[in-house]
Protein chains: 2
Amino acid sequence: MDGTVTETERDYLAGYDPREFPIVLTTVDSVLFTYHEDRLKVLLVQRANHPQAGRWALPGGYIDQDRDATLEDTAHRVLASKTGVVPPYIEQLGSFGGAGRDPRGWSVTIAYTALIPFQACLTHIESVTDTQWFDVARLNELELGFDHEAIIDAGRERFRQKALYSLVPAHALQEPFSLADLRRVHELLIGMTLSRKSFIRRVEESGALIETGDEAPSGRGRPSKLYRRSPHLDDYRFIRNIGK
Amino acid sequence: MDGTVTETERDYLAGYDPREFPIVLTTVDSVLFTYHEDRLKVLLVQRANHPQAGRWALPGGYIDQDRDATLEDTAHRVLASKTGVVPPYIEQLGSFGGAGRDPRGWSVTIAYTALIPFQACLTHIESVTDTQWFDVARLNELELGFDHEAIIDAGRERFRQKALYSLVPAHALQEPFSLADLRRVHELLIGMTLSRKSFIRRVEESGALIETGDEAPSGRGRPSKLYRRSPHLDDYRFIRNIGK
DNA sequence: CTCTTAAAGTGTCATAAGGACACTTATCGA
DNA sequence: TCGATAAGTGTCCTTATGACACTTTAAGAG
């Protein structure tokens with residue numbers, strides 16, 4: 001022994017006070033997308049409190065240490081409070097941190113990105129005024145809080161990639177849905193038109209969607225076959241990207 | 001006016017004290033991989049302090065609010081202190097948080113994953129005893145701290161995917177390098193052998209590597225051509241995955 | 001010096017998947 | 001009943017890949 005006291009981990013934890021260390025403000029924000037009337041939409045909440053009160057921003061908030069066991073729990077809790085439901089698809093997008101992004105000090109937000117059918121939360125969102133869908137193509141007309149515009153861009157880019165090699169975007173549609181609608185969602189995400197034939201071939205090959213056997217009129221023209229998501233949808237990856 | 005005082009953002013910030021809120025312990029950890037003697041290696045540091053003193057864990061630490069402007073700054077600073085250099089490739093891997101992952105309380109780590117040539121930090125790492133490369137295939141023989149085994153698995157999976165559709169793994173090699181070595185790195189990441197011909201075709205098509213014009217003897221047999229990374233390497237993506 | 005072996009690099013063919021595009025099917029509405 | 005419209009299909013061409021045999025180059029044994 002060299003005279004110093006050998007501290008056990010138990011002793012250390014008993015004397016540990018997190019407030020002795022510089023504090024990083026940590027929050028969880030979510031970028032929730034949907035598809036409605038030929039447009040991609042993102043869910044925004046008008047901030048009631050400082051900082052940035054009045055501005056539209058991503059739904060998010062602090063971790064509730066008693067109620068949330070994981071980061072995804074926080075994302076789910078916040079989204080459910082704004083939409084009434086938990087989205088059928090959510091994944092972690094990334095973390096955005098820095099000294100300057102929040103006036104309160106050094107801050108980090110763990111961002112999630114998610115998809116939901118427009119109809120799944122229609123009534124809940126219509127009942128309040130502080131939560132709204134915004135056309136993703138018109139966000140530049142809005143002055144968003146914090147760095148949330150960059151986070152939304154990252155979410156779009158994530159789903160743009162997913163649209164190239166997966167059928168995950170199907171989570172933005174209410175079941176049952178037509179391949180025409182799903183293809184349109186992919187086209188909006190990717191930013192180019194896709195060949196009908198190629199798209200249908202990929203869907204059939206994947207087994208990630210299941211034909212319901214029903215059809216739906218699509219205005220004028222031949223009615224379209226309807227599909228629902230198979231349980232394997234989230235895991236399926238094409239080995240080759242779609243698009244020229 | 002309804003009698004309440006309308007607080008300005010300036011007033012709010014003047015009265016804001018982060019210690020009034022529940023504190024989340026926030027750190028940054030990095031999974032740094034390299035390639036040496038036909039093996040994938042990951043850099044681990046033996047913990048000097050509680051909690052988990054004595055265990056091997058990922059290099060990481062607290063955000064230094066005065067020195068770090070971004071999360072990547074923190075990752076760079078910590079890695080540079082352990083290896084002497086900043087790795088040529090680093091990307092954010094994801095955040096791991098929860099109530100139970102650290103005995104000190106609710107915690108979040110923002111994880112980065114990076115690649116570096118073995119030779120780039122050879123002398124620095126040889127000079128200390130608390131920092132070592134470990135064979136990724138033999139991590140099960142080690143009892144790692146916290147949830148760091150899961151984080152390393154996530155890093156491996158990230159680079160496994162990159163190896164399928166990019167040449168980013170080239171950052172694990174000292175320039176100039178042979179395609180035989182690079183293909184071996186990809187094979188270790190993907191977990192299967194790859195066709196020489198296909199691999200060379202992809203490299204040529206990509207333009208992501210540049211032939212130096214030199215050759216190097218490869219033991220017995222025809223000497224191999226040598227390559228270096230082009231500036232476009234990090235951005236290049238194959239539209240189709242390699243491997244059957 | 002030559003022969004063997006080993007490893008890098010190449011030529012070529014068959015296959016699989018996508019884009020293009022014309023054609024067919026099915027519904028609406030005038 | 002016919003025209004317009006949109007979903008769905010058949011077919012050809014192109015492209016990237018895996019397979020595999022072949023060539024090139026060097027080290028080392030005899």
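Every chain is numbered from 1 and lettered A, B, ... according to where its sequence line falls, protein lines coming before strand lines. Excluded from the calculations below are hydrogen atoms, water molecules and symmetry mates; all remaining heavy atoms, backbone and side chain alike, are included.
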- request: To the nearest Å, give me how far apart CG (A/L194) and C1' (C/dG19) are.
  value: 11 Å

message: Can you confirm if the aromatic rings of A/Y236 and A/F238 lie within a centre distance of less than 6.0 Å?
response: yes

field: Closest non-hydrogen atom pair between A/E215 and A/P223, with its separation
entry: OE1-CG, 3.6 Å

- prompt: Charged N to carboxylate O under 4.0 angstrom, B/R183 versus B/E187?
  reply: yes

- prompt: Cut-off 3.5 Å, side chains only: do B/D234 and B/H171 have a donor facing an acceptor?
  reply: yes

field: Euclidean distance, atom CZ of residue B/R240 to atom C1' of C/dG18 [Å, nearest integer]
entry: 10 Å

- request: Determine: side-chain N/O of B/K225 to OP1/OP2 of D/dT24, distance under 4.0 Å, yes or no.
  value: no

- prompt: With a 3.5 Å cut-off and no angle check, do the side chains of A/T113 and A/R158 form a donor-acceptor pair?
  reply: no

- prompt: Between atom CG in B/L164 and atom P in D/dG18, what is the gap in whole Å?
  reply: 11 Å

- prompt: Separation of A/I200 atom CD1 from D/dG10 atom P, in whole Å?
  reply: 11 Å

message: How many whole angstroms separate atom OH of A/Y227 from atom C1' of D/dA7?
response: 10 Å

- line: Separation of D/dG8 atom P from A/L209 atom CG, nearest Å, is 12 Å

What's touching nucleotides 27-30 of chain C from the protein side, N or O pairs under 3.5 Å?
unit_1 : atom_1 : unit_2 : atom_2 : d
C/dT27 : O2     : A/G221 : N      : 3.3

task: Begin from the C-alpha positions of A/S218 and A/S224 and carry the test side chain to side chain donor-acceptor pair (under 3.5 Å) through to its verdict.
output: CA-CA 7 Å; A/S218 56; A/S224 45; 4.8 Å; no

Nucleotide N/O to protein N/O under 3.5 Å, stretch nucleotides 20-23 of chain C:
unit_1 : atom_1 : unit_2 : atom_2 : d
C/dA20 : OP1    : A/K244 : NZ     : 3.4

message: Does D/dA16 have its OP1 or OP2 closer than 4.0 Å to a side-chain nitrogen or oxygen of B/R202?
response: no

task: Round to the nearest Å and state the distance from A/I239 atom CD1 to C/dG18 atom C1'.
output: 12 Å

- prompt: What's the CD-P distance between B/E187 and C/dA7, to the nearest Å?
  reply: 13 Å

task: Please report the closest heavy-atom contact between B/D29 and B/G61, naming both atoms and the distance.
output: OD1-N, 4.1 Å

task: Return the minimal non-hydrogen interatomic distance between B/I116 and B/T34, and the atom names on each side.
output: O-OG1, 2.6 Å

